[in-house]
Amino acid sequence: MKTIRTVHPPIDPEVAAGLALLGKGAPTTITADDIKKLRETNPEYLISDEQLRRGGAIEFEEITVPGPPNAPDISLLVCRPSGAMAPNAGIYVTHGGGMIGGDNRAGIDNFLDWVVELGVVLVSVEYRLAPEHPDPAPVEDCYAGLVWTGEHAEELGIDPARLLVVGGSAGGGLAAAMALMARDRGGPPLIGQLLMCPMLDDRNETPSSHMLDGEGIWDRTSNLTGWTALLGDRRGGPDVSSYAAPARERNLAGLPPAFIDVGEVEVFRDEAVDYATRIWQAGGSAELHIWPGAVHGFDQIFPQAAVSQVSISTRTDGVRRLLSP
């Protein structure tokens, strides 16, 4: 693979100050040897049941549903506004974690805001992780949960005509893949797809995929680690499905409207821009936001930064528009 030498835009001052404070608490570079440690989440960062309830504003339950054929069952976390009158719009969430970490509570805080503010029903899926469970296990788990959610929308309190897939990072790639699968397999009708800093392209050939090495939150080495865990020797080669790496898909016609946002200073920037561009070229709709000076996961790690506040507000407005009857 040809090396692309590139520099990156300046990191937002508030974000840069936050990165300096994090120091070794949030390692920039993740190798295969770090995966076990990555999964050993510090208990103080776990989302507790009480935090899920938001002071009584939210009711939640964990349910077990069938997984893909000949695969284990999967767990869905369902969060509803307390006392909600059905049916409500639904958001189906796939968590981040580089395909190698996370669970169905990971990164869920901002989505809980939507349960309270927008009155949606949230369904978050727990999928098998690589490298123990390589492609296609993660995406097939996610899709099986989506199909079950669509088929049982009424009992979940969801309007089946107002179902949105949502994901960030690896979850953004999985959400994009589910939109492709639903189109190709005649799956649940989707009102939209919300892709936050999505992990879309295993080839890692764009300028932005080369611009961070030992900086930020998720650098080039970490990205190669995640994709290799998922795909093994197939990474970057000709035998990778677009359901594993949605950027591989040549036909982006017939997809639900997309809301895509990404930081200006992260490896996923260029592939996100390209994905939105090709949706437009296929006659589809995509709302694209590039947040200046922002690194991967900036809005969750540094939510008080001005750029984070604007991005969170803009994303909520985007969800509101996508879910409008």
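In this chain, residues are counted from 1 in sequence order.
- Considering all non-hydrogen atoms of both residues, Pro68 and Asp141 come closest at CD-OD1, 3.2 Å.
- Interatomic distance, NE2 of His133 versus CD of Glu140, reported as 14.5 Å (0.5 Å rounding).
- The closest side-chain donor-acceptor pair between Asp274 and Thr277, if any, does not fall under 3.5 angstrom.
- Annotation: ring-ring contact (aromatic ring centres under 6.0 Å, His included) contacts of Tyr143 (sequence neighbours excluded): none.
- The minimum heavy-atom distance between Asn104 and Leu76, with the atom names listed, is ND2-C, 4.1 Å.
- Ile312 is not connected to Val15 by any chain of hydrophobic side-chain contacts under 4.5 Å among Ile, Leu, Val, Met, Phe, Trp and Tyr, and they are in different clusters.
- By the 30° and 60° cut-offs, the orientation of the rings of Tyr127 relative to His95 is parallel.
- Closest non-hydrogen pair, Thr28 versus Glu215, comes out as CG2-O, 2.9 Å.
- Side-chain atoms of Ser75 and Glu126 include no donor-acceptor pair closer than 3.5 Å.
- For Glu154, the CD atom counts as loosely surrounded, since its 6.0 Å shell holds 12 or fewer non-hydrogen atoms of other residues, nucleotides or ligands.
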> Step by step, would you call Leu146 with Val123 a side-chain contact (heavy atoms from CB on, under 4.5 Å)?
Replying inline: CA-CA 9 Å; Leu146 177 66; Val123 179; over 6 Å; no

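- Leu19 contributes atom CG, which lies 5.0 Å from atom CD1 of Ile217 (distance to the nearest 0.5 angstrom).
- Each side chain to side chain donor-acceptor pair (under 3.5 Å) pair with one or both residues in residues 282-293, not counting sequence neighbours, appears once here: Asp261-Trp291, Glu287-His289, Glu287-Arg321.
- Formation of a donor-acceptor pair under 3.5 Å by the Thr228 side chain with backbone atoms of Thr225 is not found in this model.
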> For Ser241 and Arg248, what are the C-alpha separation, side-chain angles and deciding distance, and is it a side-chain contact (heavy atoms from CB on, under 4.5 Å)?
Replying inline: CA-CA 7 Å; Ser241 165; Arg248 298 276 194 148; over 6 Å; no

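- In the model, Ser169 has no side-chain atom that pairs as donor or acceptor with a side-chain atom of Trp218 under 3.5 Å.
- The line from CD1 of Ile91 to CG of Leu194 is 8.5 Å long, rounded to the nearest 0.5 Å.
- Applying the ring-ring contact (aromatic ring centres under 6.0 Å, His included) test to Tyr275 and every residue at least two apart in sequence or in another chain returns nothing.
- In terms of modelled atom types and a separation under 3.5 Å, the side chain of Glu59 and the main chain of Arg80 share no donor-acceptor contact.
- Side-chain atoms of Asn88 and Asp159 form no donor-acceptor pair, as typed in the model, at a separation below 3.5 Å.
- Taking every heavy atom of both residues into account, Ser308 and Asp299 meet most closely at OG-CA, 3.5 Å.
- Within the 3.5 Å criterion, the main-chain N or O of Cys79 finds no donor-acceptor partner in the side chain of Glu61.
- The OG1 atom of Thr149 sits 6.0 Å away from atom CD1 of Ile158, with the distance rounded to the nearest 0.5 Å.
- The backbone N or O of Val307 sits nowhere less than 3.5 Å from a side-chain atom of Glu14 that would complete a donor-acceptor pair.
- A pairwise comparison of heavy atoms in Pro9 and Val265 identifies O-CG2, 3.7 Å as the closest pair.
- Between the side chain of Gln193 and the backbone N or O of Pro256, at least one donor-acceptor pair lies under 3.5 Å.
- At least one donor-acceptor pair closer than 3.5 Å links the side chain of Arg278 to the backbone N or O of Glu249.
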> Is there a salt bridge (Lys or Arg N to Asp or Glu O under 4.0 Å) between Arg234 and Asp202 once you walk through the steps?
Replying inline: CA-CA 9 Å; Arg234 290 187 294 135; Asp202 66 295; over 6 Å; no

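- Proximity of a side-chain donor or acceptor of Arg220 to a complementary backbone N or O of Asn204 within less than 3.5 Å is detected.
- Between Ala272 and Leu288, the shortest heavy-atom distance links the atoms O-CD1, 4.4 Å.
- Within 6.0 Å of atom CG in Asp213, 12 or fewer heavy atoms from other residues, nucleotides or ligands are found, so the atom counts as exposed in its surroundings.
- Thr31 and Asp34 form a side-chain donor-acceptor contact under 3.5 Å, judged by distance and modelled atom types alone.
- In this structure, Trp148 and His152 have parallel ring planes: the angle between them is below the 30° cut-off, well short of the 60° mark.
- In terms of hydrophobic clustering, with Ile, Leu, Val, Met, Phe, Trp and Tyr side chains grouped at heavy-atom distances under 4.5 Å, Val147 and Tyr243 are assigned to a common cluster.
- A donor and an acceptor atom, one from each side chain of Asp219 and Thr29, are located under 3.5 Å apart.
- Between Arg105 and Asp49 there is a salt bridge, since at least one side-chain N of the basic residue sits less than 4.0 Å from a carboxylate O of the acidic one.
- Side-chain N or O atoms of Ser242 include none that pairs as donor or acceptor with a backbone N or O of Ala245 at under 3.5 Å.
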>> Would His296 and Phe268 count as a side-chain contact (heavy atoms from CB on, under 4.5 Å) here? Give the steps.
In response: CA-CA 8 Å; His296 188 69; Phe268 299 138; 3.4 Å; yes

>> As a quick check of understanding, evaluate side-chain contact (heavy atoms from CB on, under 4.5 Å) for Leu122 and Val78, giving each step before the final call.
In response: CA-CA 6 Å; Leu122 178 154; Val78 182; over 6 Å; no

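- Side chain of Arg269 to main chain of Glu264: a donor-acceptor pair is present (N/O by atom type, distance under 3.5 Å, no hydrogens or angles).
- Residues Arg39 and Glu132 are paired through a salt bridge, judged by an N-O separation under 4.0 Å between the basic side chain and the carboxylate.
- The pair Lys37-Glu40 does not meet the salt-bridge criterion, since no charged nitrogen lies less than 4.0 angstrom from a carboxylate oxygen.
- Criterion: ILVMFWY side-chain heavy atoms under 4.5 Å apart, direct or through other members. Under it, Val166 and Ile191 are part of a common hydrophobic cluster.
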